[in-house]
Amino acid sequence: MEQKEKLSKKIKEGVSVQEIEDFAKKYTTELFIVLALIIAFFSSVFHFFTGPGWSLFFGSLGAIVSLLIPENTKKLGKKVSDLVHKQDRTTQIIVGVVRVAIAIFLPFIVFGAIGLHAGIGFHSFTSDPQ
């Protein structure tokens, strides 16, 4: 109950600029991924450069590949994630901007990567006995 009151008080007061900056510093990579997904969605749906057909195709292809070779795909995903998270903040921002640019011009690449992650998640979920 106390947490609910704290949340409602926070909503009434608003969020300070410092809190937003701290959140952005802590979750830089994740924010750029979410931004790239949103932009890739609009770019694909509204046919800016490629249509949604290619995005569906590459998303499905990514899921199929990661289901067929899950261990290799997991290792690759872990290496890429570790590589990005170990970089300094400036490099993370540069990688994020490149992700956003790819989302604008080649959204099917973003959806292919999402397909890879979805296949890994599906494989982990179905193979885990819990």
Side-chain angles (χ1 to χ4, degrees):
M1 193 63 158
E2 185 178 312
Q3 187 179 14
K4 192 173 185 180
E5 290 175 12
K6 191 176 179 181
L7 179 64
S8 64
K9 183 179 178 184
K10 186 68 175 170
I11 291 172
K12 290 176 186 175
E13 291 176 4
V15 180
S16 70
V17 174
Q18 184 64 37
E19 289 173 324
I20 294 172
E21 286 177 356
D22 292 341
F23 183 82
K25 283 179 185 177
K26 187 175 181 181
Y27 298 107
T28 303
T29 303
E30 291 82 356
L31 287 173
F32 273 112
I33 290 171
V34 169
L35 183 64
L37 280 171
I38 292 169
I39 291 172
F41 165 76
F42 284 111
S43 179
S44 182
V45 168
F46 295 116
H47 299 273
F48 291 153
F49 295 97
T50 61
W54 284 106
S55 298
L56 285 170
F57 174 75
F58 277 91
S60 300
L61 185 66
I64 290 168
V65 166
S66 64
L67 285 171
L68 292 176
I69 49 173
E71 297 306 319
N72 295 344
T73 312
K74 265 187 199 178
K75 287 178 188 175
L76 177 68
K78 182 72 173 150
K79 284 181 184 179
V80 170
S81 177
D82 289 344
L83 177 72
V84 172
H85 284 288
K86 287 181 183 177
Q87 301 299 323
D88 62 338
R89 191 160 183 265
T90 307
T91 308
Q92 287 181 354
I93 291 172
I94 291 170
V95 169
V97 168
V98 168
R99 250 189 209 129
V100 168
I102 288 173
I104 293 169
F105 298 111
L106 304 168
F108 57 87
I109 292 175
V110 174
F111 287 107
I114 294 300
L116 285 170
H117 289 293
I120 291 169
F122 182 77
H123 181 268
S124 297
F125 181 75
T126 56
S127 64
D128 190 17
Q130 296 176 354

Tell me whether [Y] is reachable from [X] by hopping between hydrophobic residues (I, L, V, M, F, W, Y) whose side-chain heavy atoms are closer than 4.5 Å.
X	Y	result
I38	V97	yes
V34	V45	yes
V100	I102	yes
F57	F48	yes
I114	V98	yes

Which pairs would a plain distance check flag for residues 60-72, meaning a side-chain donor or acceptor within less than 3.5 Å of a matching protein atom at least two apart in sequence or in another chain?
unit_1	atom_1	unit_2	atom_2	d
S60	OG	L56	O	2.9
S66	OG	G62	O	3.2
S66	OG	A63	O	3.0
S66	OG	L116	O	3.2

Are any non-hydrogen side-chain atoms of S16 and E21 less than 4.5 angstrom apart?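 The answer is no; the side chains never approach within 4.5 Å.
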Starting at [atom1] of [X], measure out to [atom2] of [Y] and round the result to the nearest 0.5 Å.
X	Y	atom1	atom2	answer
T29	Q87	OG1	CD	9.5 Å
S55	L106	OG	CG	10.0 Å
L37	F42	CG	CZ	12.0 Å
F58	T50	CZ	OG1	9.5 Å

Pair R99-I33, side chain to side chain contact (heavy atoms under 4.5 Å, CB included): steps then yes or no: CA-CA 7 Å; R99 250 189 209 129; I33 290 171; 3.4 Å; yes
Not counting sequence neighbours, which residues clear salt bridge (Lys or Arg N to Asp or Glu O under 4.0 Å) with K78? List them please.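 Here the qualifying residues are D82.
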Taking S44 for the side chain and F41 for the main chain, is one N or O donor matched with an acceptor at less than 3.5 Å?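 Such a contact is absent between S44 side chain and F41 backbone.
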Look only at the side chain of S81 and the backbone of G77, and say whether a donor-acceptor pair between them is shorter than 3.5 Å. no
Members sharing [X]'s hydrophobic cluster (side chains within less than 4.5 Å):
X	answer
I94	none
I120	none
Y27	F23, L31

Could I get the full list of ring-ring contact (aromatic ring centres under 6.0 Å, His included) partners for F105, not counting sequence neighbours? F49
